4 protein chains.
Amino acid sequence: MKCESQKTSSPIAEKPRKPKFRRRAEARPDEVLDAALELFTKRGFSRTTVDQVAKRAGLSKGSVYLYFPSKKALLAGLVRRAVVPVANMALGVIADYRGDPRPVIRQLVGMLASNMNDPKVFAVPKLVIREAVGAPEIAQMYREEVLDRALPAMTRLIAQGVEGGHIRKVDPELTIRSILGPLMMHLVMAEVFSIKPEGGLALDRLADNHLTILFAGLEPEEARL
Amino acid sequence: MKCESQKTSSPIAEKPRKPKFRRRAEARPDEVLDAALELFTKRGFSRTTVDQVAKRAGLSKGSVYLYFPSKKALLAGLVRRAVVPVANMALGVIADYRGDPRPVIRQLVGMLASNMNDPKVFAVPKLVIREAVGAPEIAQMYREEVLDRALPAMTRLIAQGVEGGHIRKVDPELTIRSILGPLMMHLVMAEVFSIKPEGGLALDRLADNHLTILFAGLEPEEARL
Amino acid sequence: MKCESQKTSSPIAEKPRKPKFRRRAEARPDEVLDAALELFTKRGFSRTTVDQVAKRAGLSKGSVYLYFPSKKALLAGLVRRAVVPVANMALGVIADYRGDPRPVIRQLVGMLASNMNDPKVFAVPKLVIREAVGAPEIAQMYREEVLDRALPAMTRLIAQGVEGGHIRKVDPELTIRSILGPLMMHLVMAEVFSIKPEGGLALDRLADNHLTILFAGLEPEEARL
Amino acid sequence: MKCESQKTSSPIAEKPRKPKFRRRAEARPDEVLDAALELFTKRGFSRTTVDQVAKRAGLSKGSVYLYFPSKKALLAGLVRRAVVPVANMALGVIADYRGDPRPVIRQLVGMLASNMNDPKVFAVPKLVIREAVGAPEIAQMYREEVLDRALPAMTRLIAQGVEGGHIRKVDPELTIRSILGPLMMHLVMAEVFSIKPEGGLALDRLADNHLTILFAGLEPEEARL
DNA sequence: GATGAATGAGCCTTCATTCAT
DNA sequence: TATGAATGAAGGCTCATTCAT
């Protein structure tokens, strides 16, 4: 009923301006979110107008409100859409792994690093962090859906690594900062200040350098001597 | 330095209302910036109105424009004011140190960690990071005044540590992320998501845990076995 | 970029349009209310825009919000301003009168009738009645400030007239409708439907006809026979 | 005008969803008007959206426009529908009555009073009065269809009562206000300001009190002494 | 006949900025 | 220097109306 392809079969192109009524619906919310993500990322939430989002999504301002009850709901929708895959990605890697956590950490860091230039992946978390002040509910939601699931899993991973004697006796919770913080800082420096190593983001080298230090640092003490 | 009295020696003293501790005129811009910093930090730049800043600073909206030509200039002023001491702090610690960089790093990390709950210290950098999207010139300025001076110093510190054989052969530039990133992530988690270790920020424990891993990780390879 | 002084130093005819900054203040809120009253009366509350009110009052839309926090506050302000004089007028006439109520009623009806074509006097009550559905708080306010003071006074006036045997034994409360209702209906017919006796509102004749019937009707029963 | 029966006699009956008591197409306009009346009465014309009307009537917004060309046409339709019965009711009572008008007046007042709490009866006139400002054409129509027929009839009724010496020499036209005004005022006070006698609307007592005064007031002068 | 997606004009409100005093 | 009244350009949101299906 609403899925047929509508070809503009006019041979001469009479009045090709603004088909005006498009009738799509199914895909629309997602298209709006795509536009919003792009603009919010580029200009920030408050500096983006609903009209800009609408235009970028190819519809009128009023139509945005057909799908989202407010501008803020766009932000929320963005987060909601991104939340499940992200959390699952992390969880999927960690699962109920037992043993030396370093391979898992390597995989995790590698995964993050290799996705760091894909705007789709980090755009939402960056947005959340930036707009948390003006929209705490959204930060809260992100926390509950993503962090409160991923962080405990990482903590457990490290804790059992310590217990099993695979790595040095560290505080599992705090060590998460040592694992992911360098990546975050790399991202911030690159995106906020355009400070990158010569020759691009150099994510491989970053991950290598970081993991070298990290893994040596996590080596159990008795392994030395 | 900014306390000398210049009395408005008008003999008629009209408008004696609001005695309010007789402000010295030169102090005004600073007071405005204090107010701006507080509000920008708490509510974000766009959600703060010039009027709010004025009120908090104890003067009228119009008067703010006596000292700053625009709202954005407040942000710039904030950064400008914070820029010199911060850079100097970092530079002072590092100076032209030669030898094992770890003591210096320990000092630096300790300093940062112990100031992390002082809003005055990190308020401006956090602001810069958050508002960089809407005010790239300001991020640029921060970069030039602070980062472009502090980062090379740290790079040199690490580089000469590597050269002197005091630490493992790491990429000096990238290693900066490994040194400071965990602190940044700790801050973000605490401030944006209220995710803190039980019992507050636990900055000492964070620094300890981080430095333990970091320093073990930086240990020169030949030091082992 | 826009901070240097750019004087339009053209010596001839420098743009004398729109004095732009007027600086009045004291009288402004009242002027705004005057404009609002006129427009709300003529077009109704929802069909009047704040911009129209502003223009009629001779200032800009934004300035209206300097004096009134919202469009609805204009309505409330209108009522508040009108409320005290109206109530006092009625109360002043009735006071603690004792004796045959008919002279007082004649005075009251005469007063109302003679003010009925003065838009200033009845504009607000009419507004309140019309907009009560959309702004019940305002009807409530009007009731409390005006009706809850004037109606009991009238009830007392009639009650003591009955007790003193000056008028027939009627229900004082309900009789108020018999006294004022005809005036109200006359107003409604004239204003809503343009139904007036030939030759204008004919308020004198209305009052005469009404009072003749009313007073004869209130005549104590024993006065007959 | 667009209410004639047009049945969708398609034999295939596609879309059997929403069985919902199988609407007869001809009933639709009336159902829409019912919904509109209810909502316009409760929230006012401008505060009611076409969508709300549609939903309440159990169809879609677009379908409302199948039956009525605009929102205002709903108001007009409402009035048109109500107009004939109301006028006839009044006219039926009055007819070409000759003699003492008071029994007829008693019947009329009794009829009105006893229908006053039935929303169906007075909803439309109240609506017309309230929205007359924004829709004068509709007030005009109501006037022509109802008032211009009923009022002259009442005028004649009273006039011949005066001529026949059944009642005092009053102005027939103005006396209509004295007859119906108290009812109107009772309604306004109750509905707009929730001011009612203790124990509900007390319509019987109101009619009694009113008619007692009115009829005594209309008593021919020579009837006394 | 019905639907509901889509539109766009318009409204209320905010706020950075200006300027007469 | 200081004020705050005034402005005007948006921005978020609503809703009557249209039209492809």
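Reminder, nothing fancy here: chain letters follow the sequence lines and each chain counts from 1. These figures come from a predicted structure and were not determined experimentally.
With sequence neighbours excluded, no residue forms a salt bridge (Lys or Arg N to Asp or Glu O under 4.0 Å) with A:R43. With sequence neighbours excluded, the residues forming a salt bridge (Lys or Arg N to Asp or Glu O under 4.0 Å) with A:K126 are A:E191, listed by chain and number. Listed by chain and residue number, nothing satisfies the salt bridge (Lys or Arg N to Asp or Glu O under 4.0 Å) test with D:E131 (two or more places apart in sequence, or in another chain).
In secondary-structure terms, DNA chain F builds stems of at least 3 consecutive Watson-Crick or G-U pairs, each pair having both distances under 3.5 Å, at E:2-21 with F:2-21.
For the pair D:Y67 and E:dA2, the criterion of a side-chain N or O lying under 4.0 Å from OP1 or OP2 is met.
Under the 4.0 Å criterion applied to side-chain N and carboxylate O atoms, A:R56 and A:D34 are not assigned as salt-bridge partners.
Two residues are said to be in side-chain contact when any heavy atoms from C-beta on lie closer than 4.5 Å; D:T49 and D:K61 fail this criterion. With contacts defined as side-chain heavy-atom distances shorter than 4.5 Å, the pair A:R130/B:V133 qualifies. In this structure, B:V50 and B:Y65 have side chains that are in contact, with non-hydrogen atoms separated by less than 4.5 Å.
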For nucleotides 14-16 of chain F, tabulate all protein N/O to nucleotide N/O atom pairs closer than 3.5 Å, reporting atom names and distance.
{"unit_1": "F:dA16", "atom_1": "OP1", "unit_2": "D:T48", "atom_2": "O", "d": "3.4"}
{"unit_1": "F:dA16", "atom_1": "OP1", "unit_2": "D:K71", "atom_2": "NZ", "d": "3.0"}
{"unit_1": "F:dA16", "atom_1": "OP2", "unit_2": "D:V50", "atom_2": "N", "d": "2.9"}

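Evaluation of the ring pair (Phe, Tyr, Trp, His ring centres under 6.0 Å) test over residues 33-56 of chain B, restricted to residues two or more places apart or in two chains, returns B:F40-B:F45.
Per the geometry, NZ belonging to A:K55 stands 13 Å off C1' belonging to F:dG11, to the nearest Å. If you take NZ of B:K72 and P of E:dT17, they are 10 Å apart, rounded to a whole angstrom. Taking atom CG of residue B:L74 and atom C1' of nucleotide E:dC15, one finds them 14 Å apart after rounding to whole Å. What separates CG of C:L59 from C1' of F:dG4 is a distance of 15 Å, to the nearest Å. Note: CZ (B:F68) to C1' (E:dC15) measures 19 Å, nearest angstrom. Taking atom CZ on C:R43 and atom P on E:dC11, their separation rounds to 10 Å, with Å as the unit.
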